[in-house]
Amino acid sequence: MSETPKSQRSSWQRTHTCGDLTSANQDQEVVLNGWIENHRHHGQLIFVDLRDRYGVTQIVVDQEAAGMADGLFELVRRLGQEDVLSVRGRVRARGQNVNKNRSTGEIEVLALAVTVFSEAEPPPFEVLDAAEANEELRMQYRYLDLRRRPLQEALVKRARFVTAIRNYLQDQRFVDIETPILTKSSPEGARDYLVPSRVHPGKFYALPQSPQIWKQLCMVAGLDRYYQIARCFRDEDLRADRQPEFTQIDLEMSFVEEHDVLDLVEGMVVHGMREGFGVELPQPFPRFDFEQAMALYGSDKPDLRFEMLLIDCTELARKSAFKVFSGAVEAGGIVKGLCAKGAAEKYSRKGIDELTAFVQQFGAKGLAWAKITDKGVEGSIAKFYEGDAGAELIAHMGAAPGDLLLFGADQPKVVHKALGEVRLKLGTALGLRDPKQFRCCWVLNFPMFEWNEDKQRWQFAHNPFSAPVDWDVQDFTAEPARHRSRAYDFVMNGWELGSGSIRIHRPALQAKVFDFLGITPEQQRANFGYVLDAYKYGAPPHGGIALGVDRFVALALGREGIRDVIAFPKTSTAFDLLSEAPSLVSDEQLRELQILSTAPKAEDAADS
RNA sequence: GGGGGCGUAGCUCAAUUGGUUAGAGUACCGGACUGUCGAUCCGGUGGUUGCGGGUUCGACCCCCGUCGCCCUCGCCA
């Protein structure tokens, strides 16, 4: 490890880590530094498990041992968990007592001298790899939680992954460029975190939701290939996979089309997964049209670890005696089905009722179902599918005895959402979603706009700068829903991990998009004037993407949420239990900012 | 903003229908022990049952309010 010559090293400094020593080091005199993970007393003999980042090594203190420092046994006898030590000792083989559960298990270190750096109070929870303490306490004492192997592993692999990404992009001539953290607020998108300005009273910076605009300005600047491991901030309600601040691999390229970005990012992801997590991703990543993904998987982020595609039964249903089917088709809807192989016996009537209740939360009225037996179709739709009709249905669904069929009949949006969710639920229940398997894909050509029912207006489906597939579009108002944007998502195992697009680089077209969405020229100037201006002075065609590092790492490591891969995360109310941020500030600070809080005084609010 | 779950010893949990002194494991303290590795054995300290109010002869348990954490819908261009 250290390059420092031995002569310049203090006598207490480690010669090895707690994960280094094997029988090859037998009889060497070594120095280890670390924390006491555990200790076992046997009267005249004490075992101490000494832990550092690299492993755990058993230290033995033997009252009978020769060469031991005076008072050593009494010193070690009163040490406790999490005390920090330097141990000088001799490596010896364990003989019959090898511990096969540890990399250092074939040896132990016979202590000759010990320096105590720090005596620890009993920790509020035990610092063991098997997590038992609740997350609230673990976040409050995060520095203790981070001593545990699962957390350290996550941070180490995360760092390896990010380094691999940096190396890859560096090799591809990308330039790492830092962009402002104090930036301009804009009303579109997520709620901004605001920072008051002292020298501009009454005015505020916003923390960036992403470096989107800055990287586009880098393209205008001719910087060609930009990237940044960028912290982003969004003041919205949180989830297991959302933190108020999170990290993106943000990149942008000039003079490119979709396939240039996708090819490059695919290579980057493969490299990152290999170097960071030792995972070989199957290539190429399939590329789905948005419509195709919705039609086949009922989702714009398909989980490709298993098949069970949505099968279109609309034509079959049109002529059906089953009114729910034929009625839905007549009303302009569709009928689709899923064939769950061998699932018939796993789903009782009750289990199917639960699935029905499940889809109702997505707006579906229910599920039609059938079990396939040697005799044909059984279940809710059986009486409409006897004889030839049944045989036709079975053939259409590719079903065999033992299979469970589930159908949705409604407007396409509802059918896709409901069956897409059922597909995932069945996939989980049938054990088809192996967390050790990783399957990636791209989804392209998203709708340009979507209708916001609450606000009764069209809005961006992706971001305001995504180019329409049709460069020459004159008027978006005719059929807004038909316009596709040159946006793409990167998806792994059903998680959306990245999103990007080819951008608009012509100010006139950008203005047209804003106009359509009812953003007045005055608002455009106030919020994005500097971007529109930049485009006047020679903007290259360009596009890029941003990938969520936290989600990527969490998924790769099979962790439940992103808090497990962030060193110092916040709670779901965006509170930092460790530092207790956010906090009140002094009246003096507020006066300087010319800010007056209207929040109820702290003493008025009830507290625990 | 809405819905759901949780809150009991430092930690992880238990406590019958509302009923006697709120228990166990672990940690911690003391003792025994020379081959343990989740050591074992003996003994001990440790409680505002999140907080406030209410119902009741009696509340960890029921009711109201409140705080915190987790999940989720909305939200996250």
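Throughout, a chain's letter reflects where its sequence line sits, starting with A, and its residues are numbered from 1. We use all heavy atoms of the structure for the numbers below, so side chains are in, but hydrogens, waters and symmetry mates are not. Owing to the predicted nature of the structure, the values given are computational and were not obtained by experimental measurement.
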Is the shortest side-chain N/O distance from A:N134 to OP1 or OP2 of B:U12 below 4.0 Å?
yes
If you draw a 6.0 Å radius around NZ in A:K301, do more than 12 non-hydrogen atoms from other residues or ligands fall strictly inside?
no
Do A:Q58 and B:U36 share a donor-acceptor pair, side chain to base, under 3.5 Å?
yes
Touch check for A:Q63, heavy atoms < 4.0 angstrom, all strands: base, sugar-phosphate only, or nothing?
nothing
Is a donor-acceptor contact shorter than 3.5 angstrom present between the side chain of A:R40 and the base of B:G38?
no
Using whole Å, what does the distance between atom P of nucleotide B:G68 and atom CZ of A:F575 come to?
9 Å
Counting only side-chain nitrogens and oxygens, does A:R138 get under 4.0 Å of the OP1 or OP2 atom of B:C69?
no
Check each of A:Q212, A:K215, A:Q228 against A:T179 using the side chain to side chain donor-acceptor pair (under 3.5 Å) test, and report the only one that passes.
A:Q228
Does a side-chain N or O from A:T573 land closer than 4.0 Å to OP1 or OP2 of B:C69, or not?
yes
Base, sugar-phosphate, or nothing for A:R239, non-hydrogen atoms under 4.0 angstrom?
base
Between A:D564 and A:R559, does the salt bridge (Lys or Arg N to Asp or Glu O under 4.0 Å) criterion hold? Intermediate values first, please.
CA-CA 7 Å; A:D564 289 345; A:R559 305 296 167 92; 5.4 Å; no
Value in whole Å for how far the P atom of B:U36 lies from CG of A:L110
17 Å
Let's test your reading of the model: under 3.5 Å, does the base of B:C76 pair with the side chain of A:R234 as donor and acceptor?
no
Is there a donor on the side chain of A:E108 or the base of B:G35 sitting less than 3.5 Å from an acceptor on the other?
yes
When rounded to the nearest Å, what value does the distance between P atoms of B:G50 and B:C61 take?
8 Å
Looking at A:D237 and B:G74, is any side-chain donor or acceptor paired with a base atom of the opposite kind under 3.5 Å?
yes
Between A:E135 (CD) and B:G5 (P), how many Å, whole number?
20 Å
Return the value, rounded to whole Å, for the distance between atom CD of A:E450 and atom P of B:C76.
9 Å
Which base sits across from B:G68 as a Watson-Crick or G-U pair, both distances under 3.5 Å?
B:C6
Give none if B:G23 has no partner; otherwise give the nucleotide forming a Watson-Crick or G-U wobble pair with it, both distances under 3.5 Å.
B:C13
Could you check how far CG of A:L128 sits from P of B:C37, rounded to whole Å?
15 Å
Just by distance, with hydrogens left out, do A:D62 and A:Q44 show a side-chain donor and acceptor under 3.5 Å apart?
no
Kindly indicate whether a cation-pi arrangement holds for A:K425 with A:F358, taking the cut-offs as under 6.0 Å to the six-membered ring centre and within 45° of the axis.
yes
OP1 or OP2 of B:C69 under 4.0 Å from side-chain N/O of A:S572
no
Within the stacking criterion (centroid distance below 5.5 Å, interplanar angle below 30°), does A:F125 stack on B:C11?
no
For atom P, what is the distance between B:C11 and B:G18, given to the nearest Å?
28 Å
